[in-house]
2 protein chains.
Amino acid sequence: MGDRTTIYDIAKRLNITAATVSRALSNNSKISKKTRELVFKTAEEMNYRQNKLALALKSGKSNNVGVIVPRIDRNIFSAVIRGIEENLHSEGYQVIICQSHDDEKLEIENIDALINAQVDGIIMSLTLETSEKNKAIKRIVKKGIPLIFFDRKKDIEGVSTVTINDFEGGYKATQHLIDQGCKEIAHLAGDFAIEIYEDRYKGYREALSDNGIEFREEFLIHTSSKVEDGQKATRALLKLKERPDAIFSASDFVALGAIQELRAQGIKIPQDFCVVGFSNEPFTKFMELSMSTIDQSPRDMGKIAANVFLEQVTNNDNVKIQKKVVLAPELLIRDSSSRLPIK
Amino acid sequence: MGDRTTIYDIAKRLNITAATVSRALSNNSKISKKTRELVFKTAEEMNYRQNKLALALKSGKSNNVGVIVPRIDRNIFSAVIRGIEENLHSEGYQVIICQSHDDEKLEIENIDALINAQVDGIIMSLTLETSEKNKAIKRIVKKGIPLIFFDRKKDIEGVSTVTINDFEGGYKATQHLIDQGCKEIAHLAGDFAIEIYEDRYKGYREALSDNGIEFREEFLIHTSSKVEDGQKATRALLKLKERPDAIFSASDFVALGAIQELRAQGIKIPQDFCVVGFSNEPFTKFMELSMSTIDQSPRDMGKIAANVFLEQVTNNDNVKIQKKVVLAPELLIRDSSSRLPIK
């Protein structure tokens, strides 16, 4: 930490000006890629450590990137953050994280805190409440700070998005249940105000329809993403005159509640009832009766979101980049829905 | 967001100067507590919203507090952060989080990022590698930024700490296993470079000794906190000529691996083998055979850490506060060690 290499030392070694070194180190595209790489390599060899605050003051860059998620203790979010960090740390960026707790007011305060902390970009997954009209989000765009939504997104002019194909996830989960011989498939859905939940539901509907199975209104129950909600919804489903024989849940936690309730009522899984969740939370694998679920490749989602940020921030021209990346979901077939041998 | 109340409006209403309002809002102790409270209340009534950046520039305060944890996807850390947020949000602070991934170099970069982001304080849990000599930590102290360690701490001059009594946790877990009739108790331990793991082990040793049970070297295995490590260590224990009949693990994840391995080998829990973990990770409750564990009251730990910060930051006098708060752990007796009816 106590090293004293300066940009002047690097400039001398390479026989270029200190200004060029400085620009190269802040990844200015006016400097050729070759020179930038040479400067970075030399800086590393000489153990050069940027005075980041000075750099931030000079270049307006802090080398911090802000990430806002509803909560850090859900696998989808912590794994996306891991992916973001992996691709940003190697580029000299630090990642600072805020939680919105699904509260739009708190989310606005998160945004203000990050803007005040001079972040170079913001990568976020929205609260259930966030509207397209959110002024804090507009403010980020107006300030020209690169902004990327992942998972829970809204379509807003100037904002890039990275999501998985949730429709396909819902379709795959439902088709799998039908393949296992299930005919009366209920769906525990999230809040349709959020696109991903509506898309999962649409996939479910389409799979039913493609297989000539009629959709039954009473088999659709909206829940939060809490375990207890899964228990409650399942109790309600089991009280119906015509009971379902399978549940596709838009949340692993809700699916866990469903499995608990089914077992409490002595219903055999997967023989008499199949369950598929969504998200591939780590506990789904640890359960003695492991849970089938949809993997969202969150780490890849984070890496791609980081790359979209890097593209935007290194793009010094006045070209506006707005990207829309959609990843394919993966169905993981486990005990809770495995009546047939896995192919 | 579009409100336009200024400090001048508040000053006019209260018939005091704008400077007094400004000082009161930045919690300057030169203003009487009564006046500060009155100003806060009036500001709230009038829907006053501080321009935080301007405030930060004027007062040197950003109203951001940084939190550094090894990783966000462990219950102890996410729950502590929740507690910190609960007590800081209400005081107008935002919490920004960094992950060190148990890498001291990354931790130093986290610290630099937070200092550059002008945080008013840092609350952190150290990496396994962090030494007392860490210069970045010294830098925080030197700059007079309030610094609080929780859970994984080192004793450093000027740094407050909030921990649970890990010795007592280890003692309680071991005593409980002895009470269940276990006589050959193995311990899966963390890295003793970190005090909390050494303390848990010392509690285990003391409980054995107090009950006249001899400690056996081969019953102590060091592991990381991964599930697979618990499986591996348990396999090793079960190969011993004299096998243990219980495991006290310093980590829930490792205990989970132990339970998986015991079941794979057809050993009945708790009849033939008892297991107790540490941390009360949410999955321990969800397992069909729920896991006994030690709860660390992480939410309270976070709240107390936040309060220690608030005490330090509102203390404008030159008195140095260094606090050491130790919470009591709670033993949660569940299926994995319940041979006897719970009292």
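Computed from a predicted structure; not experimentally measured. Letters A, B, ... mirror the listed sequences (proteins, then strands); counts begin at 1.
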If you check every heavy atom in residues 263-272 of chain B against those of chain A, which residues fall under 4.5 Å?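 Hits under 4.5 Å: B/Arg263.
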Going by residue number, which parts of residues 69-88 of chain B are within reach of chain A, meaning a heavy-atom gap below 4.5 Å?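 B/Ile72, B/Asp73, B/Ser78, B/Ile81, B/Arg82, B/Glu85, listed by number.
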Can you classify the ring geometry of A/Phe253 versus A/Phe283 as parallel (below 30°), tilted (30 to 60°) or perpendicular (above 60°)?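 The arrangement is tilted - the two ring planes meet at 30° to 60°.
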Might you point out which heavy atoms bring A/Ser125 and A/Asp151 nearest each other, and give the distance in Å?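 What the structure gives for the nearest pair is OG-CB, 3.8 Å.
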Return the minimal non-hydrogen interatomic distance between A/Val275 and A/Ala255, and the atom names on each side.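 Closest approach of A/Val275 to A/Ala255, heavy atoms only: CG1-CB, 3.9 Å.
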Quick one: does any side-chain atom of B/Ser62 pair with a main-chain N or O of B/Gln118 as donor and acceptor, under 3.5 Å?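 Side chain of B/Ser62 to backbone of B/Gln118: a pair is present.
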B/Glu261 side chain to B/Arg235 backbone, donor-acceptor under 3.5 Å: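 No, because the side chain of B/Glu261 does not come within donor-acceptor range (under 3.5 Å) of the backbone of B/Arg235.
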Yes or no on side chain to side chain contact (heavy atoms under 4.5 Å, CB included) for B/Asp102 and B/Arg152, after CA distance, side-chain angles and deciding distance? CA-CA 11 Å; B/Asp102 260 327; B/Arg152 299 198 194 163; 2.7 Å; yes
May I ask you to name which of B/Ile96, B/Leu114, B/Ile68 has the most heavy-atom pairs under 4.5 Å with chain A?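 Maximum pair count with chain A is reached by B/Ile96.
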Among the options A/Leu106, A/Val227, A/Val95, pick out the one with the most heavy-atom pairs lying under 4.5 Å from chain B.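 Heavy-atom pair counts peak at A/Leu106.
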Distance from A/Lys285 atom NZ to A/Thr293 atom OG1, nearest 0.5 Å?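 Those atoms lie 12.0 Å apart.
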Between CD1 on residue A/Ile111 and CD1 on residue A/Ile137, distance to nearest 0.5 Å: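 Those atoms lie 5.0 Å apart.
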